[in-house]
Trainee: 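Let me begin by handing over the structure; questions about it come next.
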Amino acid sequence: MSQTLERRQLGVSFKIFGAQLSYFTRKLHVALHLTNLPYQYVPRGLSNADNLAHRAGTQQIPVLETPEGWLLTDTSPILAYLDSLLPEPLFYPSSIIGLVSAILEEYFDEWLSRQAVCYRWTYDEDRKLCAEKLAREYCYELDSKKPEDPEQFNAISDTIQNWGKRAVRAVGISENDQKMAAEKCLYRIYQILDEHFKRTSSHLDLNSDSFPFIFGSSPTALDTMVWGGLKGHFFHDPTPKKQFQDFKYLWKWFETIDADLSSATPKLVYGRFKKINYNNSSEFPPVVFELLNVMTEKQGFVDFIIGNSEALKRREKTFVTVIAGRDVRFLTRVYPEKSRHLLNHRLATILKKINASQGHDKCREVGGDLTSILEKYSLKRAFFPQDQHQKKPKL
């Protein structure tokens, strides 16, 4: 019997501690739903924040508490852990799909979070509304029976807004031209996704036996990243919600999954997805290559990743890289470099699994396919399969 079935039969539940307006909390939320593992959402708030930070060793959200009482952070490693509980991996399948999905997930994870910061914290209406909602959940944890403390509530709301202002500077979008470039990039991405779901619109129904995801009839880590961003930010916050209101097929995809999350009899869950069998990347749907093109356009994602890595080696607090044709200064951060190494290790792990389950010849074939993609889209200088024991730059 699988661990999934054992947990479900025992009624043992995972707990997600986070915030409803959090990109990554929503990513983990939909991921757990897709696995069909039992879970519950618990707001991180005044009653539990200090204890969570002490136990997890970080203020980062979301935090996942396992049935054994472990606390896990960082959604991509959490998705890999969830894969290990399933008979076959869902988010990072042992194929070229798993490899390319992991790379695109990294782009949405590290780079599109700039757009989330941009929309939420540079527009007055969005900033005020979201700070108040985040403060309310943090203070009262959705319990309307608790008395409100206006002074405490306002102080937390102000703290959240001040954090947002700092985040805008840290991710290099304090100048208007960079803000416009970031918004234009996100618009193009959602336009691509809307066109993809238009092509597959006949299956955008919970009764379809081939509900469409980005790579096909089964979700990957990339789908959780896209849906999490829509739910936590872009289809919630007033400004992007208005800007993207005409993408009706993307909206339908989002709303159909959203409805399934609250259904007593969900259909978009592990065990009901059709396995995708591509011989190689040439059989990918066009949306995958269109997203790879955007990822490597002149927006500067790879240059940012490399620039941050080099700045860490030199122990510099900031660095400059070219974004949308202009020099932009960024705050040097440890996490993007850590995430890059985690991704490279994940690529190596997927290839090892292919070697173990499908043989050396298949592993070489898939590895060659991956190398061709990395070279074609100029990604190889940042991303490549790398075992964890290999030497890494000192952080």
Side-chain angles (χ1 to χ4, degrees), residues 3 7 10-32 35 37-82 84-85 109-110 113 116-117 120-121 130-143 145-149 151-167 170-171 224 228 232 312 317 331-339 341-342 345 388 392 394-395:
Q3 294 181 49
R7 282 179 165 82
L10 291 171
V12 180
S13 179
F14 290 84
K15 291 181 181 178
I16 306 172
F17 294 91
Q20 290 189 335
L21 298 189
S22 158
Y23 201 138
F24 296 98
T25 299
R26 290 303 194 176
K27 174 189 176 185
L28 182 55
H29 181 191
V30 74
L32 273 163
T35 63
L37 287 162
Y39 68 92
Q40 57 180 301
Y41 170 72
V42 181
R44 186 191 68 158
L46 289 173
S47 68
N48 58 28
D50 289 344
N51 183 50
L52 277 174
H54 175 73
R55 292 177 61 202
T58 180
Q59 295 284 350
Q60 180 181 335
I61 61 170
V63 174
L64 180 69
E65 183 176 67
T66 73
E68 298 83 5
W70 306 334
L71 293 187
L72 307 177
T73 59
D74 197 334
T75 54
S76 295
I78 289 175
L79 263 59
Y81 160 73
L82 294 176
S84 74
L85 304 180
D109 188 320
E110 287 300 318
S113 56
V117 168
R120 180 159 292 175
W121 305 117
C130 294
E132 289 182 355
K133 282 191 174 183
L134 287 163
R136 183 171 298 279
E137 184 178 22
Y138 187 84
C139 288
Y140 311 119
E141 299 166 30
L142 307 183
D143 185 351
K145 295 180 181 179
K146 291 185 179 180
E148 293 195 8
D149 181 338
E151 186 174 336
Q152 179 189 56
F153 173 81
N154 290 332
I156 291 175
S157 179
D158 289 344
T159 298
I160 292 170
Q161 291 191 60
N162 288 333
W163 175 90
K165 292 175 183 177
R166 294 194 301 273
V171 300
T224 68
L312 281 169
K317 292 184 178 180
L331 180 69
T332 305
R333 293 182 292 134
V334 170
Y335 183 77
E337 180 68 354
K338 175 185 174 184
S339 184
H341 283 288
L342 286 172
H345 172 64
Q388 248 180 353
K392 304 174 189 174
K394 208 170 192 179
L395 304 185

Trainee: Would you confirm whether Gln60, through its side chain, and Thr73, through its main-chain N or O, come within 3.5 Å as a donor-acceptor pair?
Mentor: no
Trainee: Rounded to the nearest 0.5 Å, how far apart are NE2 of His29 and OG of Ser22?
Mentor: 12.0 Å
Trainee: Hey, does Glu137 have a side-chain heavy atom less than 4.5 Å from the side chain of Lys133?
Mentor: no
Trainee: Minimum heavy-atom separation for Phe24 and Ile61, please, with both atom names.
Mentor: CB-O, 4.4 Å
Trainee: Can you tell me how far apart CG (Leu71) and NZ (Lys15) are? Round to the nearest 0.5 Å.
Mentor: 10.5 Å
Trainee: Using only atom types and a distance under 3.5 Å, with no angle test, would you say the side chain of Ser157 pairs donor to acceptor with the backbone of Asn154?
Mentor: no
Trainee: For residues Tyr41 and Gln20, report the shortest heavy-atom separation together with the two atoms involved.
Mentor: OH-N, 3.2 Å
Trainee: What distance separates Leu28 CG from Ile16 CD1, expressed to the nearest 0.5 Å?
Mentor: 4.5 Å
Trainee: Report the residues that fulfil salt bridge (charged side-chain N to carboxylate O under 4.0 Å, His left out) with Arg166, sequence neighbours left out, ordered by chain and then residue number.
Mentor: none
Trainee: Using salt bridge (charged side-chain N to carboxylate O under 4.0 Å, His left out) as the criterion, list what pairs up with Arg120, not counting sequence neighbours.
Mentor: Asp237
Trainee: With rounding to the nearest 0.5 angstrom, report the OG1 to CG distance, Thr159 to Leu134.
Mentor: 12.0 Å
Trainee: What distance do Leu72 atom CG and Phe14 atom CZ have between them, rounded to the nearest 0.5 Å?
Mentor: 8.5 Å
Trainee: Looking at Arg26 and Gly228, what are the two nearest heavy atoms and their distance?
Mentor: CB-O, 3.6 Å
Trainee: Can you tell me how far CG of Asp109 sits from OG1 of Thr75, rounded to the nearest 0.5 angstrom?
Mentor: 5.5 Å
Trainee: Cation-pi between Arg44 and Tyr138: NZ/CZ under 6.0 Å from ring centre and within 45° of the ring axis?
Mentor: no
